[in-house]
J.: 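To start, I am sharing the structure in question, which I have written as structure tokens.
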Amino acid sequence: MALLPGEVVARFSGSAEPVIYRAPGRVNLIGEHTDYNLGFVLPIALDMACYTAILPADHSCLRIYSRDMDREFCIGVAELTFAKPRGEWSDYVVGVARELATAGFPIEPCDLYIASDVPAGAGLSSSAALEIATAMALLGERRMGRIEIARLGQRAESQFVGMPCGIMDQYAAVFGHSGAALKIDCRSLEHEYVQLPENVRIIAVNSMVKHELGTSAYRQRVAECQEAVAAIRKSDPHVQSLRDVTLERFQAIEATIPEIARRRARHVISDNRRVVDFSAAARSGDLAEMGRLFVASHRSMQHDYEISCEEIDFLVDTAIEIPGVYGARMTGGGFGGCTVNLVAPEAVANFEQHLGAAYQEWYGKAPAFYECRPAEGASRA
Ligand code: GLA
């Protein structure tokens with residue numbers, strides 16, 4: 001376990017036993033920026049997780065300690081309603097507490113001790129893991145539907161932290177399953193499990209870069225997709241989101257959509273299709289097709305959605321030349337973070353050695369490798 005009760009008690013010098021909750025990070029296999037367009041995504045929850053321990057307290061605050069940052073933040077529970085975001089790590093916690101209070105789950109004074117082994121800024125959803133572990137801890141024994149917990153985390157992030165994200169990360173943190181990937185329908189908010197073939201390893205490669213375009217570019221993509229919907233509605237008034245447009249229909253009308261919005265829509269609509277096709281290929285064990293779809297998805301993000309960057313393209317282009325690699329693509333919001341790779345088990349060692357050395361030579365830093373196996377969603381630790 002990444003967090004021991006003893007260290008929590010030592011920090012807060014309390015006498016009660018802390019209760020610890022965990023929520024996992026995720027790696028998205030395919031379907032990027034499709035969630036806020038109400039389409040499909042295919043993440044797996046990771047065994048890297050965020051842990052939040054909670055202890056009752058006799059002060060009047062929500063006192064939060066982050067072990068990773070070695071920082072503490074305190075806010076009076078009575079002040080939560082008036083809290084403003086500070087642009088810091090504590091915003092995720094305060095945002096969740098506010099949402100809980102609004103949803104009719106008042107926050108009692110307490111101490112929270114937080115530690116995570118999901119790398120931050122890597123596109124592996126360290127923030128959703130933090131939100132969901134915190135929501136579970138603050139809820140304690142009080143019952144809330146699991147889908148509501150995911151939505152609450154998303155609201156905290158979009159409305160308090162200010163990142164207008166979709167539902168994928170929080171959903172994966174809540175519903176992750178150890179045997180399979182989750183094919184999430186972001187319109188109905190239902191999921192089905194997709195078993196992955198035994199004879200392939202999923203390796204995330206952390207570029208160790210995160211370009212500071214993040215939130216503003218994300219916001220811009222959300223707006224551009226809305227522009228595309230508005231243009232499509234002129235011919236197809238029933239369309240509410242890009243999810244409602246098939247690839248065939250898009251191809252028939254794409255000339256009527258302004259250029260940037262057209263390219264953004266093409267990515268989203270084609271990546272939705274790729275999630276469906278990839279799931280079918282995974283179920284039938286067709287590794288070559290899975291790999292082909294990975295690379296097609298990457299090219300679509302690179303050229304149509306324009307959310308990749310030089311370091312990530314280098315990792316993808318180098319990886320797909322290595323024997324035993326079926327496919328590679330960027331995963332997550334973009335502009336850095338991780339690639340995700342499908343690699344034959346016997347080729348993993350050579351893959352890591354070769355890609356690591358090539359990246360080191362070009363960019364002067366070592367990438368980190370994480371072997372990803374589907375893990376369970378949030379729970380008491
Ligand atoms: C971030 C967001 C998700 C999703 C991905 C891109 O991780 O939090 O909601 O939009 O980017 O697929």
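All figures in this text were calculated on a predicted structure; none of them were measured in a lab. As the structure lists them, so they are numbered: ligands from 1, and atoms in each ligand from 1.
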J.: Considering only heavy atoms from C-beta outward, does the side chain of M330 approach that of I307 to under 4.5 Å?
T.: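 In short, these two side chains touch, coming nearer than 4.5 Å.
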J.: Step through it carefully: locate the ring centre of F278, locate the ring centre of F294, and say whether they are under 6.0 Å apart.
T.: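 Judged by ring-centre distance (under 6.0 Å), F278 and F294 do meet the cut-off.
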J.: Does the separation of the ring centres of F314 and Y363 fall below 6.0 angstrom?
T.: yes
J.: Do D70 and Y65 have side-chain N/O donor and acceptor atoms under 3.5 Å apart?
T.: yes
J.: Ligand 1: which residues have a non-hydrogen atom closer than 4.0 Å?
T.: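 Heavy-atom contacts below 4.0 Å: R26, E32, H33, D35, Y36, C165, G166, M168, D169, Y218, G332, G333.
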J.: Should the pair H191 and Y171 be assigned to parallel (<30°), tilted (30 to 60°) or perpendicular (>60°) ring geometry?
T.: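 Correct class here is perpendicular.
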J.: What I want to check is whether the side chains of H211 and E311 have a donor and an acceptor closer together than 3.5 Å.
T.: yes
